[in-house]
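Worksheet: the structure to be examined is printed underneath.
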Protein chains: 2
Amino acid sequence: MADAALIQDKTLAAGSETGAPEFGELDGIVGFHLRLAHGAVYRHFTETFVELDLTQKQVSVLWLVGEIPGLAQIEVGTRLRMDRATTMTIVNRLQSRGYLRRERSDSDGRKQALHLTEAGEAALVKAKASIAEHEKWLKSRFTPEESEKLVEMLTRIHE
Amino acid sequence: MADAALIQDKTLAAGSETGAPEFGELDGIVGFHLRLAHGAVYRHFTETFVELDLTQKQVSVLWLVGEIPGLAQIEVGTRLRMDRATTMTIVNRLQSRGYLRRERSDSDGRKQALHLTEAGEAALVKAKASIAEHEKWLKSRFTPEESEKLVEMLTRIHE
DNA sequence: GGATAATTGTATGCTCTACTAACAATCTCG
DNA sequence: CGAGATTGTTAGTAGAGCATACAATTATCC
């Protein structure tokens with residue numbers, strides 16, 4: 001503990017004057033904080049979904065397909081910013097767990113139309129409840145206006 | 001393309017009234033946008049660092065050790081929110097590339113004091129230049145006040 | 001209409017990150 | 001001193017991302 005205090009002192013000497021001294025110059029890098037924030041949210045998500053045993057991507061895919069039945073794999077991947085290979089692995093896993101089924105599209109024989117199974121619908125209902133809980137934890141540190149502003153700024157990054 | 005238009009119409013029918021119709025209900029989830037934004041920044045980072053062949057984590061570790069020579073592995077991991085095993089992997093890679101060296105701490109025989117090699121210093125200089133470029137791209141969509149507000153809000157999430 | 005190009009899904013393999021569990025060396029504290 | 005905590009290490013597992021190659025289907029162009 002005495003050693004940790006020493007290191008902390010070193011940090012203060014090398015760190016920035018404003019705010020947290022923990023990261024030094026890194027403290028001014030937006031991308032750095034975005035990554036740490038993502039990590040923190042990812043960890044809380046994992047804890048929240050340990051019982052359902054679903055990942056962020058899996059929930060997103062279930063959610064999307066639930067809203068737009070018959071959506072093609074390529075569309076799912078495009079909207080969630082995943083390439084075809086990554087989308088495949090996620091859809092494969094959801095299908096093997098009995099949450100999704102693939103159907104050949106009538107209008108386009110290349111496409112796989114995705115649909116939720118009954119088990120998938122049930123899982124999605126539970127997932128949405130867990131998402132609500134998770135979001136509550138996340139939003140607890142912001143006013144409604146701040147949450148809206150945050151979403152708006154994040155959208156500017158990913159759109 | 002006709003099919004894509006059809007799908008887009010379906011989205012509009014199922015999506016939210018406000019803003020982008022691409023994600024439907026998901027559009028209101030802060031964590032969802034945080035993840036997409038992180039992915040976008042991650043991809044741009046990778047493009048920016050393809051020549052240097054460094055990842056976000058690797059740069060963060062170089063940066064931290066550059067600022068605080070002699071920092072112990074456990075401290076690096078704690079500050080960057082990584083466990084010991086993950087920190088090991090990254091330090092191992094940086095060491096095998098000749099950017100870092102380990103030294104037993106004088107004050108605590110359990111700890112490995114980390115130091116940059118000359119090659120590590122040189123890599124860090126280049127990395128900081130690339131980070132500046134990367135940050136410029138990221139911040140280009142915000143006013144200075146917005147950037148500051150964004151960092152502040154992200155910090156509330158990860159601290 | 002038929003050849004060519006583009007799209008979509010699939011399979012394979014690689015990398016990075018993260019986590020768990022176990023173990024050894026070292027330090028702390030009662 | 002001895003029990004427990006800390007730190008580093010190794011090994012194994014898993015998710016996510018990406019690149020490449022191939023087959024089937026569709027779109028485009030001459």
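Nearest approach of A/Ala40 to A/Trp137, heavy atoms of both residues: O-CH2, 4.0 Å. B/Ile29 approaches A/Glu135 most closely through the heavy-atom pair CG2-OE2, 3.2 Å.
In this structure, CE of A/Met82 is placed 14 Å from P of D/dG15, rounded to the nearest angstrom. The separation between A/Asp83 atom CG and D/dA21 atom C1' is 14 Å, rounded to whole Å. Spacing between atom CZ of B/Arg84 and atom C1' of C/dA18 amounts to 14 Å, rounded to whole angstrom units.
Comparing C/dT10, C/dC27, D/dG8 by their closest approach to the side chain of B/Gln112 singles out D/dG8. The side chain of B/Thr86 approaches C/dA18 more closely than any other nucleotide in the set C/dT10, C/dT28, C/dA18. When distances are taken from the side chain of B/Met88 to each of D/dA19, D/dG8, C/dC19, the shortest belongs to D/dG8. Ranking D/dT26, D/dA19, D/dT10 by closeness to the A/Ala85 side chain, first place goes to D/dA19. Of the candidates D/dA16, C/dT10, C/dT8, the closest approach to any side-chain atom of A/Ile74 belongs to C/dT8. The B/Lys111 side chain lies nearest to D/dG8 when the options are D/dT25, D/dG8, C/dC27.
DNA chain C is contacted by both B/Thr89 and B/Arg110; B/Thr89 maps to the nucleotide lying nearer its 5′ end (nearest heavy atom per residue).
Heavy-atom distances under 4.0 Å link DNA chain C to B/Thr55, B/Lys57 of residues 34-62 of chain B, given in residue order.
In this structure, B/Arg102 reaches the sugar-phosphate backbone alone: every heavy-atom distance under 4.0 Å involves primed, P, OP1 or OP2 atoms, never a base.
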